Amino acid sequence: MEKLLRKGIREAVRSLYGADAGDDLLQIQKTRREFEGDFTLVVFPLSKISHHSPEQTANEIGEYLTQRIDAISGFNVIKGFLNLTISPSEWTTRLDGMHAVSNYGFFEPGPGAETVVIEYSSPNTNKPLHLGHIRNNLLGYSLSRICAAAGNNVIRTNIVNDRGIHICKSMLAWQQYGNGRTPDSEGMKGDHFVGDYYVLFEKKLREQIEPLVAAGSTPEEARENAPLMQEARSLLLKWEAGDPETVNLWQMMNSWVYKGFDVTYRALGVEFDKIYYESDTYKVGKEIVLHSLEEGHLIRREDGSVWIDLTADKLDQKLLLRSDGTAVYMTQDLGTAVIRYNDYHFDRHIYVVGNEQNYHFQVLALTLLRMGYEWAKGLHHFSYGMVELPEGKMKSREGTVVDADDLVTEMIATATAMSQELGKLGGYSDIEKNNICRQIGLGALKYFILKVDPKKNMTFNPKESIDFNGNTGPFIQYTYARIRSVLKKAEDTGVTFSSRKDDNVIPNQKEISVIKLLNDFPGLVREAAAELSPALIANYCYELAREFNQFYHDYSILGEEDGNLRSFRLRLSELTGRVLGKALFLLGIEAPERM
RNA sequence: GGUUCCGUAGCUCAGUUGGAUAGAGCAACAGCCUUCUAAGCUGUGGGUCGAGCGUUCGAGUCGCUCCGGAAUCACCA
């Protein structure tokens, strides 16, 4: 539609003023609600070409377009704004066209499609997932669907941080205080079980630190010298040396954690195509660093540590290998990136990681480039903001961390309670009810998180439960369910609707508003992929649902006597439902048939 | 201190490559179920877009300065 306008306006300018108008001069936007019209041309930039006043220019162009283009039925000019009205029959034609496309709004990967690797989740295996991880997982998963819908080949991947001193801490605590207990023996999820030992380690460590500080040590010294810390370090050395007993313990505890993570991932509805483990990739990272050192890209200091000097790029020197030869965080990320490139030859690699690591990813990409990996230009840090509580950051010390499993459980419980209170889902089996309430509770949570601009920090107030009314996931799900319900009733009562356009249907303003939004959907999918913004999709869902609900409220669909009009409204409703379903799909939100 | 990000209604958030009188939801108040699902629809009140200066026909949006908040600058991850 915009293309058509753009072409027409360019012709008008050429014919009227004998000049070519570049794209930057043709500013077309949707007409604001308070004015009459569908599309607005901002004429100010063109008055330089026309050498007439903005008003006169607008009138001349409007006149030209109305006469030459059938789809444009009228225009009005307010100041420098040319408001164009699209003829109602053009809208029914558009609806017909959209309705006929089977996978409307989604694009197949063409010959030139990019391969995009998306890394998200990236958990440590010493703690269960919390609200911060939920934001990460939901963003990553949604991005993967959006990028795929825009026609890219997407690989969803995860890097599990399964080694390092933090893992050794929970291992040590279990060794010393576990008495052979297991998640099974305690009836606990494995990640929570292991996480408790990590917390226990910190508690016992603090008990050891206190007397040392009282005896005159600085807190830093005391921490380093505490017996538990020493033991944790020696456990890490044993692990790196491949000590069988340590490795066995590590494998056993990690397997507990993975079992727990699987449950959480399944509950959240996220998936991966390929999972990498830091315990594999750090070795490759070390090789790459040593190789690059030989090639002269890096610096070896006297103590044996290896660094890269990025001061020329206004960054610092960065450690890549410790003096004892062991790997740091950066080392394994270098290795992971190289392995992934070898695995997939990606065009782009998107890291979904919090903004606290902005510096890290700047260094990562630059380092790989210095090492000669040109593809590192395709690395992109998708940096999202923290989830904060009203009091500020979540602190595990103060027990204010919002646990992922707990939150999901609560959301479903709230959905269930609300459903009961509203007297919904009569006649459904318990299994069906539970499934729908699960979809709604998760829909509320996911939408709540995804509607916010990813790069901003967001606030979550545990005391106020997430809304189910207004601009929420359930609102959109509800709109979808309503539409499905109408379509089901149509089917049950034998009302059919043709997919072909009827010329004599003149849509009303509400209907046109909905069609306009439906018309935006494919462009929106592309834009969301380009901007990497699930929030765009979420806000679109809301707008579409709201617009449809107004139409639904004001007009009858099945009760319409005029068969052509009824058929048109059914087509409109069906496509709206389809688009809402697809948009929710892009957010990783399920759409219930009834609620 | 350096770098990066954020600041919009009481609260949570939208606001397109700079366009018209800055929008939603929640909360508050007032209405609408005999009719396809009221988790809905309609209305009322609520704003110095952190502050100032600049760029321009036009600034919430771009630039500079300042104020406030966050992150980061580890032989942690």
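Numbers restart at 1 for each chain; the letters A, B, ... are given by sequence-line order, proteins then strands. Note that the structure is a prediction, hence the values are computed from the model and not measured.
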Participant: A:Q362 side chain N/O closer than 4.0 Å to the phosphate oxygens (OP1, OP2) of B:rU3?
Facilitator: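 Indeed not, no polar side-chain atom of A:Q362 lies that close.
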Participant: Considering Watson-Crick and G-U wobble pairs with both distances under 3.5 Å, what does B:rC62 pair with?
Facilitator: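 B:rG54 is the nucleotide pairing with B:rC62.
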Participant: Strictly below 4.0 Å: does A:R569 bring a side-chain N or O up to OP1 or OP2 of B:rC36?
Facilitator: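 For B:rC36, OP1/OP2 do not have a side-chain N/O of A:R569 under 4.0 Å.
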Participant: Figure out the CD/P separation between A:E55 and B:rG58, and round it to whole Å.
Facilitator: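 Rounded to the whole Å, the gap is 15 Å.
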Participant: Whole-Å distance between B:rG15 C1' and A:Y540 OH?
Facilitator: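 Taking OH of A:Y540 and C1' of B:rG15, I get 18 Å after rounding.
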Participant: Ring stacking, A:F81 with base of B:rA20, under 5.5 Å and under 30°?
Facilitator: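 It does: the two rings, one from A:F81 and one from B:rA20, meet the stacking criterion.
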Participant: Watson-Crick or G-U wobble partner for B:rG1, using a 3.5 Å limit on both distances?
Facilitator: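 Here B:rG1 is engaged in a pair, and the nucleotide opposite it is B:rC73.
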Participant: Return whichever of A:D467 or A:L558 has its heavy-atom-nearest nucleotide of RNA chain B closer to the 5' end.
Facilitator: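 Closest to the 5' end, via its nearest nucleotide, is A:D467.
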Participant: So what does A:E278 hit on the nucleic acid, given a heavy-atom distance under 4.0 Å: a base, only sugar-phosphate, or nothing?
Facilitator: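 The residue A:E278 makes sugar-phosphate contact but no base contact.
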Participant: Does A:R33 have a side-chain nitrogen or oxygen under 4.0 Å from the phosphate oxygens OP1 or OP2 of B:rA20?
Facilitator: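 No, no such contact exists.
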Participant: Please confirm whether the shortest side-chain N or O distance from A:K488 to OP1 or OP2 of B:rC36 is below 4.0 Å.
Facilitator: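 The answer is no; no side-chain N or O of A:K488 sits under 4.0 Å from OP1 or OP2.
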Participant: Would you say the base of B:rA20 and the side-chain of A:N83 have a donor-acceptor pair closer than 3.5 Å?
Facilitator: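 Yes, a donor-acceptor pair under 3.5 Å.
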Participant: Give one of base, sugar-phosphate or nothing for A:L321, where a contact means two heavy atoms less than 4.0 Å apart.
Facilitator: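 No contact at all - A:L321 keeps every heavy atom at 4.0 Å or more from the nucleic acid.
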Participant: What distance, rounded to whole Å, do you find between the two P atoms, one in B:rG50 and one in B:rA22?
Facilitator: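 That atom pair is separated by 15 Å.
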Participant: What distance, rounded to whole Å, do you find between the two C1' atoms, one in B:rU17 and one in B:rG58?
Facilitator: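 These two C1' atoms come out 15 Å apart once rounded.
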Participant: For A:D316 and B:rU72, what is the distance between atoms CG and P respectively, to the nearest whole Å?
Facilitator: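 Taking CG of A:D316 and P of B:rU72, I get 15 Å after rounding.
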Participant: Of all residues at least two apart in sequence or in a different chain, which pass the side-chain contact (heavy atoms from CB on, under 4.5 Å) check with A:S279?
Facilitator: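 A:S279 satisfies side-chain contact (heavy atoms from CB on, under 4.5 Å) with A:D162, A:R163, A:W239, A:W250, A:Y277 once adjacent residues are dropped.
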Participant: Heavy atoms under 4.0 Å, any strand shown: does A:F460 hit a base, just sugar-phosphate, or nothing?
Facilitator: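 The residue A:F460 makes no contact with any strand.
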Participant: What's the CD-C1' distance between A:E574 and B:rC36, to the nearest Å?
Facilitator: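 Checked: the CD to C1' distance equals 16 Å.
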Participant: Quote, to the nearest angstrom, the P distance that separates B:rC49 from B:rG7.
Facilitator: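 About 14 Å, rounded to a whole number of Å.
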Participant: Using the six-membered ring for Trp and the full ring for Phe, Tyr or His, decide whether A:F44 stacks on the six-membered base ring of B:rG19 (centres under 5.5 Å, planes under 30°).
Facilitator: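 By the stated criterion, A:F44 and B:rG19 stack.
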Participant: Could you tell me whether A:F475 contacts a base, only the sugar-phosphate backbone, or nothing, with contacts defined as non-hydrogen atoms closer than 4.0 Å?
Facilitator: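 Touches sugar-phosphate only.
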Participant: Angle between ring planes, A:F460 versus A:F448, binned at 30° and 60°: parallel, tilted or perpendicular?
Facilitator: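 A:F460 vs A:F448 ring planes: perpendicular.
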Participant: At 4.0 Å (heavy atoms only), tell me whether A:T40 reaches a base, stays on the sugar-phosphate, or touches nothing.
Facilitator: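 Base: the residue A:T40, judged by heavy atoms under 4.0 Å, touches a nucleobase.
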Participant: Return the nucleotide paired to B:rC49: Watson-Crick means purine N1 to pyrimidine N3 with N6-O4 or O6-N4, wobble means G-U with N1-O2 and O6-N3, both under 3.5 Å.
Facilitator: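 Pair assignment: B:rC49 / none.
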Participant: Checking all strands, does A:T459 fall into the base, sugar-phosphate, or nothing category for heavy-atom contacts under 4.0 angstrom?
Facilitator: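 The answer is sugar-phosphate, as A:T459 gets under 4.0 Å only of primed atoms, P, OP1 or OP2.
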Participant: C1' atom, B:rA59 versus B:rA20: distance in rounded Å?
Facilitator: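 Those two atoms are separated by 14 Å.
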Participant: Are A:F44 and A:F81 close enough that their ring centres sit under 6.0 Å apart?
Facilitator: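 Centroid distance A:F44-A:F81: below 6.0 Å, so yes.
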Participant: Does the B:rU16 base have a donor-acceptor partner in the side chain of A:K30 within less than 3.5 Å?
Facilitator: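 By the distance-only test, no, there is no pair.
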Participant: Once you apply a heavy-atom cut-off of 4.0 Å, does A:Y542 come out as touching a base, just sugar-phosphate, or nothing?
Facilitator: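 Counting heavy atoms under 4.0 Å across all strands, the contact made by A:Y542 is with sugar-phosphate only.
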Participant: Under 4.0 Å between a side-chain nitrogen and a carboxylate oxygen: does that hold for A:R233 and A:E224?
Facilitator: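 Looking at A:E224 together with A:R233, the answer is yes, because their closest N to O distance falls below 4.0 Å.
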Participant: On a whole-Å scale, what distance lies between the C1' atoms belonging to B:rA38 and B:rC57?
Facilitator: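 So the two C1' atoms sit 49 Å from each other.
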Participant: Taking only the side-chain heavy atoms of A:V328 (C-beta and beyond), determine which of B:rC36, B:rA77, B:rU4 contains the nearest atom.
Facilitator: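 Of B:rC36, B:rA77, B:rU4, B:rA77 is nearest to the side chain of A:V328.
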Participant: Write down the distance between OH (A:Y359) and P (B:rU3), rounded to a whole number of angstrom.
Facilitator: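 The answer, rounded to whole Å, is 13 Å.
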Participant: Describe the nucleic acid contact of A:M386 in one word from base, sugar-phosphate, nothing, applying a heavy-atom distance below 4.0 Å.
Facilitator: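 The residue A:M386 makes no contact with any strand.
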Participant: With both distances under 3.5 angstrom, what nucleotide forms a Watson-Crick or G-U wobble pair with B:rC32?
Facilitator: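 Its partner is B:rG40.
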Participant: What does B:rU17 pair with, Watson-Crick or G-U, if both distances are under 3.5 Å?
Facilitator: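 Its partner is none (no Watson-Crick or G-U wobble pair with both distances under 3.5 Å).
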Participant: Out of B:rG40, B:rG7, B:rA39, which has the shortest distance to the side chain of A:F468?
Facilitator: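 Nucleotide nearest to A:F468's side chain: B:rA39.
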Participant: How close or far is atom C1' of B:rG25 from atom CD of A:E543, stated in whole angstroms?
Facilitator: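 Rounding to the nearest Å, CD of A:E543 and C1' of B:rG25 are 14 Å apart.
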Participant: Between B:rC13 atom C1' and A:L536 atom CG, what is the distance in whole Å?
Facilitator: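 For the pair A:L536 CG and B:rC13 C1', the rounded distance is 14 Å.
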Participant: Within this structure, what is the CD1-to-P distance between A:I589 and B:rA39, rounded to whole angstrom?
Facilitator: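 One finds 19 Å between P of B:rA39 and CD1 of A:I589, rounded.
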Participant: Answer yes when A:E547 and A:R33 have at least one side-chain N-carboxylate O distance shorter than 4.0 Å, and no when they do not.
Facilitator: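 Salt bridge present between A:E547 and A:R33.
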Participant: Would you say a side-chain N or O of A:R546 is under 4.0 Å from OP1 or OP2 of B:rA39?
Facilitator: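 No, no such contact exists.
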Participant: Considering every strand and a 4.0 Å limit on heavy-atom distances, what is the contact class for A:D324: base, sugar-phosphate, or nothing?
Facilitator: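 Here A:D324 touches no strand at all.
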Participant: Indicate whether OP1 or OP2 belonging to B:rG2 is found under 4.0 Å from a side-chain N or O atom of A:K314.
Facilitator: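 Answer is no, no contact under 4.0 Å.
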Participant: Check whether any side-chain N or O of A:N469 sits under 4.0 Å from OP1 or OP2 of B:rG40, and answer yes or no.
Facilitator: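 For A:N469, the contact criterion (side-chain N or O under 4.0 Å from OP1 or OP2 of B:rG40) is met.
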Participant: Between B:rG63 and B:rG43, how far is it from one P atom to the other, in whole Å?
Facilitator: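 To the nearest whole Å, 38 Å.
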Participant: Scan A:A481 against the nucleic acid and name what it touches under 4.0 Å (heavy atoms): base, sugar-phosphate only, or nothing.
Facilitator: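 A:A481: base contact, heavy atoms under 4.0 Å.
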Participant: Does B:rC36 have OP1 or OP2 under 4.0 Å away from a side-chain N or O of A:S485?
Facilitator: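 Checking A:S485 against B:rC36: no side-chain N or O falls below 4.0 Å of OP1 or OP2.
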Participant: For nucleotides B:rU42 and B:rA9, find the distance between their P atoms and express it as a whole number of Å.
Facilitator: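 Between the two P atoms, the distance is 24 Å.
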Participant: Answer yes if the side chains of A:R546 and A:N549 hold a donor-acceptor pair under 3.5 Å, and no otherwise.
Facilitator: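 There is no such pair between these side chains.
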Participant: What's the gap between B:rA70 and B:rG31 when it is taken at their C1' atoms, as a whole Å value?
Facilitator: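 My reading of the C1' atoms in B:rA70 and B:rG31 gives 44 Å.
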